[in-house]
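Note sheet for the following structure.
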Amino acid sequence: SPTPESRADVALSIIQKALSAHPTNRFHPVLLARYLRSGSLLWSSAKLEEEWDRAINGVSRDGTALEDTVDLWMEWVSWRLTVKGVEGLEEAAEKLHSVTQHEEERLRRRQQPLSLALAAARPRFLWRLCVGMAEAGYVERAVAIFQAQIELTFFAPPSLSNSSFGSKLDALEEFWDLEAPRLGEPGARGWCNHSTSDAPAPPPVTAVTQSSKMEEEEAEPFVQWGSEELRAGNNRILPLRTTDEDEDPYATVLFSDIRPFLWDLSSPPSSSEHEDVQTLLVLAFIQFLGLHVPGLSAHLSILSTTGTTSSLSSFNTDSTWSDTRFSSPSLTSHLFTFPQSSNQAQQRNWEVVNGVVVAREGKETSTWGVVKEWSFGAAGSPLEGYGVKAEGRMWESSEVGALGEAKVEVIRSLFQAVCTKIDSPVLDQHWLVLEASLGLKQAIKVSKSILSTHRDSLPRWSAHARLERIRGRPADARKVYEASLLSHPSNLSEDRRQGATKMWWDWAEMEWLSGDPAAAQRVVLRAVGMQVEGSVSGAAVLKAKRALEGMVLGNSGKGEEGMDDLVALVNIQALLDLLAGANPEVALGRYKLELPESSTISNRHRRQYLSESLALASTLLVYHHTHTLRAAVPPSIFRQHCTSCIHSYPNNTILLGMWLESERGELVWGRVRGTIREVVVPEKSEGVDVSRAMWAVWKEKVGEAGSEVERARGVLARGAAGERSRASVALWLVAIELELGMGDARRAKSLLYRAVAECPWAKDLYLLPFTRRLRGAFTHAEIVQWINAMLERSVRLRVEGLEELLNQRMAESGDDDSGGDDEEGPVAGDRELEMMVEERRRLMPY
């Protein structure tokens, strides 16, 4: 197959012709981005810097709208991070501020309001800069930027509402210098609620993990230092105060360190779209801390590029840097099930049938795993999943447990402060799903406290009923539905009735899944305003169907406001068909709506979200009908529908799980793997989407009987060779972890060198040679070179003593040229021979 360099050479010649074909193409953002990506594989660093400067200056002078150039600026930030490291981020922030100011001036000259694209581009820029900073080890500074930005956006004192942005920053600096509790810290109440009499913030609690003293004493000195460094980085994320006793100069963050990275995210009056963008800022901070919000980065990317909206099923360019969940070893372990030894792996993966050695048949144990991705909001409430008790919901115990206690407490404190300040049902639901993963009793208490201040909010009552369903208490959930939907008068305003249709669907679904179709049918008839006593007649069902058709038609023309209600109404329609004894194909036909074009729904991407929501809802309906309730239906109906949906929405892991479930009994795994290769992780020059790649790797069940590690390696290799995905630190870490789990330290070492060449700022990559599993693959000379490279690239180190340890080992090496205690000479040669023998034994077929 062609190498990336040969592909880039061909692409470069074609793009050069396209750029010179017409004057308007000279600074076309899409062509320039592809031109520079291809050139990065062929040009020298000086040539690449020259071309980037020419492209950026040309785009700035050309006056192109920011919504058309924002992706180019995001790639420029990634390039600056690669070349300059974390030291180039402040300069990048100043340049991005200049770009957004020019966009504001352009809109002002045209007498146009602040665009949604500009409002979404600012938190997207901030998020990217903070991720790069944290990956280089400067976590406290990145967290401080998010803390200050949320204080500035949500908790600014009312007296500053008419002040300039510079005046607000000056006032925020005074608050910051008081060193009062900040958002995410114990006792934080927000900038506007702070008084000078408040006690200063206590020092952040460091959750020290107890490790085995014997293992630390017996560990090689460099391995011991690496474990201490890794532990120090995991235990502290909040910045310290100037009064705290700590010798680490980067642990304390002054306001001057974060001021260049703050943005004016204030929304115009009565602008719900801009308020939604502010909500995304809070969710971005939560994902930055380690809790993945499915579809968030793609949603923010699409909002900031309104003029050039792409398909939701296309490659999510921001996933390469925003999807950092699998950088955590505790979560990465859920992707693989490694054997204890190579002999055990051979015994589990091969068997003899009639004298022929064949691969053992794989048994699909679970079709859903730890990889969760779908379009933002497409799955309904964050408390919803594929199961009756919301199994597979956004955050479960495995994701939250991988964070660690320190990060969980920061997120809980953040939710408590922000949800108390602003009225956002979306954030409240995310808070509840976090609490539910920690304990359902505590989640119920939090839900009741929220409802005490929002008594008329039906979305919040619906979330409370969901929690009762997750607890396995449908009777309590039924009481919530009855009190919310039947006791309220019908003449309430539209705002107070928002979410009623969705709540009717939740109630009907609960009764249906509980095995009471008659009760579900009565709920459906109540939803359309019909009062039913006793059994339901056929005439009543027909009348309800006609009423639902009219309601669906009416909601189809409401635009964005009617989207959630439209999905719920179609669900109710399809459920009524099933309850009336119709074929599932008839129910699926309800979801084939003629959706209005952009003239009715203002944003095209919202129309795409509606399409995915309908596809997911229809598949879940048939799944519960055939699998949960065990209805007698030809399996081909469910399988064909799932296959059609994943071709349209390969990013949706719930759909992918149901598709695997439909294929479980067919035993045609060649068809399954072919579909994964062609649809989920197709071979493209850009690379692979990180979430899709992680799902495909998880699907191979590496380490279990019948798994094929080469398929997982192939997926990761496509990501490592992609123009964009090769900059994903998480992708490289998973690829290296795979090789270490298979016992191939030499291949892991080779991948590590490639990873550091592509991501020279990433601290997690630099620490790998100081782990027990990879230390033996590095000679003393290689470790010396590795440490020097780490220090030259300004990677932040917390634990002192590395240079002293290095000097000590160099002195010992000079005193004893024969090797002695050092890992050189015969010892290193014997180890290399053992590794070669072990690798040859592992590659034997049986």
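Residue numbers run from 1 in the order of the sequence given.
Ser424 places a side-chain N or O within donor-acceptor distance of the main-chain N or O of Leu427, the cut-off being under 3.5 Å. Gln278 places a side-chain N or O within donor-acceptor distance of the main-chain N or O of Leu265, the cut-off being under 3.5 Å. In terms of modelled atom types and a separation under 3.5 Å, the side chain of Gln112 and the main chain of Leu107 share no donor-acceptor contact. Using modelled atom types, one side-chain atom of Thr82 and one backbone atom of Ser78 make a donor-acceptor pair closer than 3.5 Å. Thr153 places no side-chain N or O within donor-acceptor distance of the main-chain N or O of Ile150, the cut-off being under 3.5 Å. No donor-acceptor pair closer than 3.5 Å links the side chain of Arg793 to the backbone N or O of Ala762. In this structure a side-chain-to-backbone donor-acceptor pair under 3.5 Å is present from Ser115 to Leu118. Side-chain atoms of Gln429 do not come within 3.5 Å of backbone N or O of Val426 as any donor-acceptor pair. A distance-only check finds no donor-acceptor pair linking the side chain of Glu135 to the backbone of Gly132 [under 3.5 Å]. Checking side-chain atoms of Lys372 against main-chain N and O of Arg393 turns up a donor-acceptor pair under 3.5 Å.
Nearest approach of Trp176 to Ala148, heavy atoms of both residues: CZ3-CB, 3.8 Å. Shown here for Leu238 and Gly184, the closest heavy-atom pair between the two residues is CD1-O, 4.2 Å. Between Ala379 and Trp374, the shortest heavy-atom distance links the atoms CB-NE1, 3.5 Å. Shown here for Cys130 and Ala142, the closest heavy-atom pair between the two residues is O-CB, 3.5 Å. What you find for Ser304 and Val70 is that their closest heavy atoms are O-CG1, 3.4 Å. Between Pro186 and Pro181, the shortest heavy-atom distance links the atoms O-CB, 3.7 Å.
Of the charged side-chain nitrogens involved, none lies within less than 4.0 Å of a carboxylate oxygen, so that Lys502 and Asp564 do not count as a salt-bridged pair. Taking 4.0 Å as the cut-off between side-chain N and carboxylate O, Arg412 and Glu435 count as a salt-bridged pair. Ion pairing of Asp177 with Arg241 is absent here, as no side-chain N (NZ or NE/NH1/NH2) approaches a carboxylate O to less than 4.0 Å. Checked for salt-bridge contact, Glu90 and Arg80 miss the test: no charged N lies under 4.0 Å from a carboxylate O. Residues Glu399 and Arg325 are not paired through a salt bridge, judged by the lack of any N-O separation under 4.0 Å between the basic side chain and the carboxylate. One finds a salt bridge joining Arg259 and Glu173 here, because a Lys/Arg side-chain nitrogen approaches an Asp/Glu carboxylate oxygen to under 4.0 Å. Arg724 has a carboxylate O that lies under 4.0 Å from a charged side-chain N of Glu75, or vice versa, which qualifies the two as a salt bridge.
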task = Take Arg182 and Trp191 through the test side-chain contact (heavy atoms from CB on, under 4.5 Å) and record every step on the way to the result.
result = CA-CA 8 Å; Arg182 301 159 189 163; Trp191 178 18; over 6 Å; no
task = Go through the steps for Val277 and Leu281 under the test side-chain contact (heavy atoms from CB on, under 4.5 Å), then give the verdict.
result = CA-CA 7 Å; Val277 171; Leu281 170 67; over 6 Å; no
query = Passes side-chain contact (heavy atoms from CB on, under 4.5 Å), Arg124 versus Leu303? Steps please.
reply = CA-CA 10 Å; Arg124 188 182 175 196; Leu303 287 180; over 6 Å; no
ask   = What's the verdict on side-chain contact (heavy atoms from CB on, under 4.5 Å) for Ile422 and Val418, showing C-alpha distance, side-chain angles and the deciding distance?
value = CA-CA 6 Å; Ile422 65 174; Val418 175; 3.8 Å; yes
request  = Starting from the C-alpha separation in whole Å, work towards a yes-or-no answer on salt bridge (charged side-chain N to carboxylate O under 4.0 Å, His left out) for Glu103 and Arg106.
outcome  = CA-CA 5 Å; Glu103 179 67 10; Arg106 187 184 71 86; 2.8 Å; yes
message = Could you walk me through whether Ser327 and Thr324 satisfy the side-chain hydrogen bond (donor to acceptor under 3.5 Å, both in side chains) test, starting with their C-alpha distance in whole Å, then the side-chain angles of each, then the deciding distance to 0.1 Å, before giving a yes or no?
response = CA-CA 5 Å; Ser327 300; Thr324 58; 5.3 Å; no
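Using modelled atom types, one finds no donor on one side chain facing an acceptor on the other under 3.5 Å when comparing Ser452 with Ser449. A donor-acceptor pair shorter than 3.5 Å can be found between the side chains of Ser691 and Asp323. One side chain, Asn316 or Ser297, offers a donor N or O that lies under 3.5 Å from an acceptor on the other. Side-chain N/O atoms of Thr305 and Glu67 include no donor and acceptor closer than 3.5 Å.
Expressed to the nearest 0.5 Å, how far NZ of Lys448 lies from NE2 of His464 amounts to 5.5 Å. Atom OG of Ser447 sits about 10.0 Å away from atom CH2 of Trp431, to the nearest 0.5 Å. One finds the CG atom of Leu126 at 9.5 Å from the CZ atom of Phe288 (value rounded to the nearest 0.5 Å). Atom-to-atom distance recorded for Asn234:CG and Ser328:OG is 7.5 Å, nearest 0.5 angstrom. Distance check: His430 NE2 to Ile411 CD1 gives 11.5 Å after rounding to the nearest 0.5 Å. In this structure, Trp127 CH2 and Asp318 CG are separated by 7.5 Å, a value rounded to the nearest 0.5 Å.
Scanning for side chain to side chain contact (heavy atoms under 4.5 Å, CB included) contacts around Ser794 gives Glu87, Tyr138, with sequence neighbours left out. For Ser163, there are no side-chain hydrogen bond (donor to acceptor under 3.5 Å, both in side chains) partners at least two apart in sequence or on another chain. Judged as a side chain to side chain contact (heavy atoms under 4.5 Å, CB included), and not counting sequence neighbours, the contacts of Leu81 are Leu89, Arg128, Trp761.
With a 4.5 Å cut-off on side-chain heavy atoms, Leu72 and Trp52 count as touching. A heavy-atom distance below 4.5 Å is found between the side chains of Arg798 and Val139. Proximity of His299 to Leu280: side-chain heavy atoms (C-beta onward) are separated by under 4.5 Å at one or more points. At a threshold of 4.5 Å between non-hydrogen side-chain atoms, the residues Met133 and Phe261 count as touching. Here the side chains of Met503 and Ser484 are in contact, with some heavy-atom distance below 4.5 Å. Residues Val400 and Lys407 form no side-chain contact, since every pair of their non-hydrogen atoms from C-beta on lies 4.5 Å or further apart. The side-chain heavy atoms of Leu432 and Ile450, taken from C-beta on, include a pair separated by under 4.5 Å. Considering only heavy atoms from C-beta on, Glu140 stays 4.5 Å or farther from Ile237 through its side chain.
In this structure, Tyr250 places its OH atom where only 12 or fewer heavy-atom neighbours from other residues, nucleotides or ligands lie under 6.0 Å away. Summarising the local packing, NZ of Lys168 is surrounded by more than 12 heavy atoms from other residues, nucleotides or ligands at distances under 6.0 Å.
Trp263 and His97 have their aromatic ring centers within a separation under 6.0 angstrom.
A tilted orientation is assigned to the rings of Trp395 and Phe415, their planes being inclined by 30° to 60°.
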